[in-house]
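Take a look at the structure below.
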Amino acid sequence: MRKKLVAGNWKMHGNKEQNQELLNAIIAGMPRMRSGECVVCVPYPYLSQVQLLLQNTFIKLGAQNVNQFAKGAYTGEVSAEMLNDFGCHYVIVGHSERRAVYGENDQTVALKYAAAQKSNMVPILCVGETSEQREADVTEQVIFKQLNAVIENSGVSSLVNAVIAYEPVWAIGTGKTATPQQAQDVHSYIRKSIAMLDPEVASALTILYGGSVKADNASQLFAMPDIDGGLIGGASLIATDFISICQSVQN
Ligand code: PEP
């Protein structure tokens, strides 16, 4: 059975007081997951605080970005080993905001993915098309190129220790969710493309959907056969919504 996962991406939100309040409410409202896994990807300065708050809970810790190099003169950057030091299990790589705002290309993302795995973390590799690309009917080509950069660099077998998040750029933070069928079509394309290289890896791969997932649309999305959970931005900051989304993945 494929692992079900809900990952919260806090982006650049929170402070010590809010983090504590949010996590206390999530932990109290949902003392465990019956099946599947739940992770919160928090801003770097709060890794230590959140690591402590999550001790002895069912929630795993993640980060939102990682540098591709092991160490050196990279002012302002954070290495995979540093994240490891704080008990991070997961790290998001190639989020569309990193690609669009900070110019990360497929090659850089492939190196970050490899760096995360080298430090025993599970990369959550984000792929997705813009609205222009969808309108131009090149969604599959865009996704293929993003995936292929990672497969060429790390090999298809590396996907055994990775998660893919399909996040249509036009759906992130916009309130416009892909329909369950639109999302399923791309998830199925991703799984089939990988199956051509390694059917076992493809069938065991966790593929998340991200893009305006909310408490009221999560169940329909997660009911689709190739959708194994979600990468959740805005709704991961509201305890009741995040709890409800985590519960939807278990049904
Ligand atoms: C995200 O940050 O990856 C995301 C999907 O955000 P939102 O859920 O707010 O659209």
Original post:
What pair of heavy atoms forms the shortest contact from Gly128 to Val142, and how long is it?
Top reply: O-CG1, 3.9 Å

Original post:
Do Arg99 and Val109 touch side chain to side chain, with heavy atoms closer than 4.5 Å?
Top reply: yes

**OP:** Say whether Ser188 and Asp185, considering side chains only, have a donor N or O and an acceptor N or O under 3.5 Å apart.
**Re:** no

Subject >> Verdict with supporting geometry, Trp170 and Glu129, side chain to side chain contact (heavy atoms under 4.5 Å, CB included) >> reply: CA-CA 8 Å; Trp170 47 270; Glu129 82 289 1; 2.9 Å; yes

Original post:
Which heavy atom in Ser158 sits nearest to a heavy atom in Tyr113, and how many Å separate them?
Top reply: OG-OH, 2.8 Å

**OP:** Could you tell me whether the side chain of Ser79 reaches within less than 4.5 Å of the side chain of Val66, counting heavy atoms only?
**Re:** no

Original post:
What heavy-atom pair brings Gln51 and Gly87 nearest, and what distance separates the two atoms?
Top reply: NE2-N, 3.7 Å

**OP:** Report yes or no: do Tyr90 and Met121 belong to one cluster of Ile/Leu/Val/Met/Phe/Trp/Tyr joined by side chain heavy-atom distances under 4.5 Å?
**Re:** no

Original post:
Do Leu61 and Val93 share a hydrophobic cluster, counting only Ile, Leu, Val, Met, Phe, Trp and Tyr and linking them when any side-chain heavy atoms are less than 4.5 Å apart?
Top reply: yes

Original post:
Judged by modelled atom types alone, do Asp106 and Gln146 share a side-chain donor-acceptor pair under 3.5 Å?
Top reply: no

Original post:
Which of these passes salt bridge (charged side-chain N to carboxylate O under 4.0 Å, His left out) with Glu37: Lys3, Lys4, Arg2?
Top reply: Lys3

Original post:
Hey, is CD on Gln181 packed in by over 12 heavy atoms from elsewhere, all under 6.0 Å?
Top reply: yes

Subject >> For Ile238, side chain to side chain contact (heavy atoms under 4.5 Å, CB included) partners two or more places apart >> reply: Thr240, Asp241

**OP:** Give me the ring orientation class for Phe69 and Tyr74: parallel if the planes are under 30° apart, tilted from 30 to 60°, perpendicular past 60°.
**Re:** parallel

